[in-house]
Amino acid sequence: MSKAARLRELLERKEIARIVGARDALTALLVEEAGFDGVWASSFEISASRALPDLGLLTMSELLEASSHVNRATSLPLLADCDTGFGGNINVVRTVDMFEAAGIAGICLEDKVFPKRNSFLGGGQNLEDPAEFAGRIEAAVRARTGDDFTVVARVEALIAGAGQGEALRRAHLYADAGADAVLIHSKKTDPSEIREFLRAWQGRKPVVVVPTTYPHWDLAEAEAAGVSVVIYANHALRASVSAMRDVLSEIRVQGGTGGVEGTIAPMKELFGLTQVSRWEERSA
């Protein structure tokens, strides 16, 4: 089964699927090692790894390169965060061409005006005209060469404060345009907005959620409410920042690394993750 077919299976199966954000290939290896179902190539994480804010600064080629490294490192299917699609319909078509050719399982496009702003930033959000964005979704669906390549439409109406009615109107419009799933996003600290959306949506298409601001929603409850996929979008990056900051502070204070050696991964473990023995055998 291709990775694209596996992602489609995750979206359509009865059991909820869990995928995790990754900024690089090593993170993707750890996601697979931990037993998750798939990987999310997060534009937030990829931007942050380049010391850039998540403001639509990365080009398509930069996100494609990072996503390709992640995809090659793991057997898990990869859903790539492609922001607003890098331009108009013609840009979206090229995005699909390039990501599908790289063996990536699917892309997610969000209905904001370029350049997008991270959903959790203050200062408001500018939504794209829904008919214009539906045209991009339709262009993406037409451009794919295989039916299994997934196009997810990310609805930002709740993030922008436009209300439940607007979120549903946009989601149905994007489904009409051929989206395989919708990602409904919320920044409330509880899942009430998501539950309300799901009740009204009535399972028309698979629904993806990103519970960054409502982390205590029970997985079984989310599944019962109608969620198909949950994305833990930025937790690996946030964990690494905390861990690196602690270790570097300890080294600076102690004047050496002796105090941290017992708390960080040994070199042998990194050799294993990067398959040193396999590469040496191949070069013999």
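Within a 6.0 Å radius of CZ in R94, other residues, nucleotides and ligands contribute 12 heavy atoms or fewer. Residue D147 qualifies as open at atom CG: its count of foreign heavy atoms under 6.0 Å is 12 or below.
Salt bridge status for D180 with R8: present, with a side-chain N to carboxylate O gap under 4.0 Å. By the 4.0 Å N-to-carboxylate-O rule, E128 lies close enough to R136 to be salt-bridged with it. Comment: D176 engages R204 in a salt bridge, judged by a side-chain N to carboxylate O separation of less than 4.0 angstrom. At a threshold of 4.0 Å, the pair E221-R195 counts as salt-bridged, since one of the basic side-chain nitrogens sits closer than that to a carboxylate oxygen. Salt bridge R170/D111: present, at least one basic N to carboxylate O contact under 4.0 Å. Contact check on E156 versus R154 returns a salt bridge, with a Lys/Arg side-chain nitrogen under 4.0 Å from an Asp/Glu carboxylate oxygen. Ionic pairing of K116 and D54 is present here: one or more N-O contacts between side-chain nitrogen and carboxylate oxygen are shorter than 4.0 angstrom.
Qualifying salt bridge (charged side-chain N to carboxylate O under 4.0 Å, His left out) partners for R199, counting only residues two or more places apart in sequence or in other chains: none. N89 pairs by the side chain to side chain donor-acceptor pair (under 3.5 Å) definition with nothing, not counting sequence neighbours. For T263, there are no side chain to side chain donor-acceptor pair (under 3.5 Å) partners two or more places apart in sequence or in a different chain. In this structure, the ring pair (Phe, Tyr, Trp, His ring centres under 6.0 Å) partners of Y174, at least two apart in sequence or on a different chain, are F133. Here K3 pairs with N71 under the side chain to side chain donor-acceptor pair (under 3.5 Å) rule; sequence neighbours left out.
Under a hydrophobic clustering in which Ile, Leu, Val, Met, Phe, Trp and Tyr are joined whenever their side-chain heavy atoms come within less than 4.5 Å, directly or via other members, V152 and I194 fall into different clusters. If you chain together hydrophobic residues whose side chains sit under 4.5 Å apart, I107 and I184 fall into the same group. Linking Ile, Leu, Val, Met, Phe, Trp and Tyr residues whenever their side-chain heavy atoms come within less than 4.5 Å places V208 and I19 in a single cluster.
Taking the six-membered ring where the residue is Trp, H172 and W201 present tilted rings, their angle falling between 30° and 60°.
Atom CG of L78 is separated from atom CG of D81 by 10.5 Å, given to the nearest 0.5 angstrom. Interatomic distance, CG of L183 versus CD1 of I231, reported as 5.0 Å (0.5 Å rounding). Rounded to the nearest 0.5 angstrom, D24 CG and T27 OG1 are separated by 3.5 Å. Interatomic distance, L109 CG to T84 OG1, rounded to the nearest 0.5 Å: 8.0 Å. Here CD of E223 is found 10.0 Å from CG of D218. Values are rounded to the nearest 0.5 Å.
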Item to check | From CA spacing to verdict: salt bridge (Lys or Arg N to Asp or Glu O under 4.0 Å), D83, R117 | outcome: CA-CA 9 Å; D83 289 343; R117 302 178 76 248; over 6 Å; no
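Side-chain atoms of K205 and S228 include no donor-acceptor pair closer than 3.5 Å. Side-chain atoms of D246 and S249 form no donor-acceptor pair, as typed in the model, at a separation below 3.5 Å.
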Which side-chain N or O atoms in residues 268-284 pair as donor and acceptor under 3.5 Å with protein atoms at least two apart or in another chain?
| from | atom 1 | to | atom 2 | distance (Å) |
| --- | --- | --- | --- | --- |
| T274 | OG1 | L270 | O | 2.7 |
| T274 | OG1 | F271 | O | 3.4 |
| S283 | OG | W279 | O | 3.3 |
| S283 | OG | E280 | O | 2.9 |

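The distance between the ring centers of F120 and H185 falls below 6.0 angstrom.
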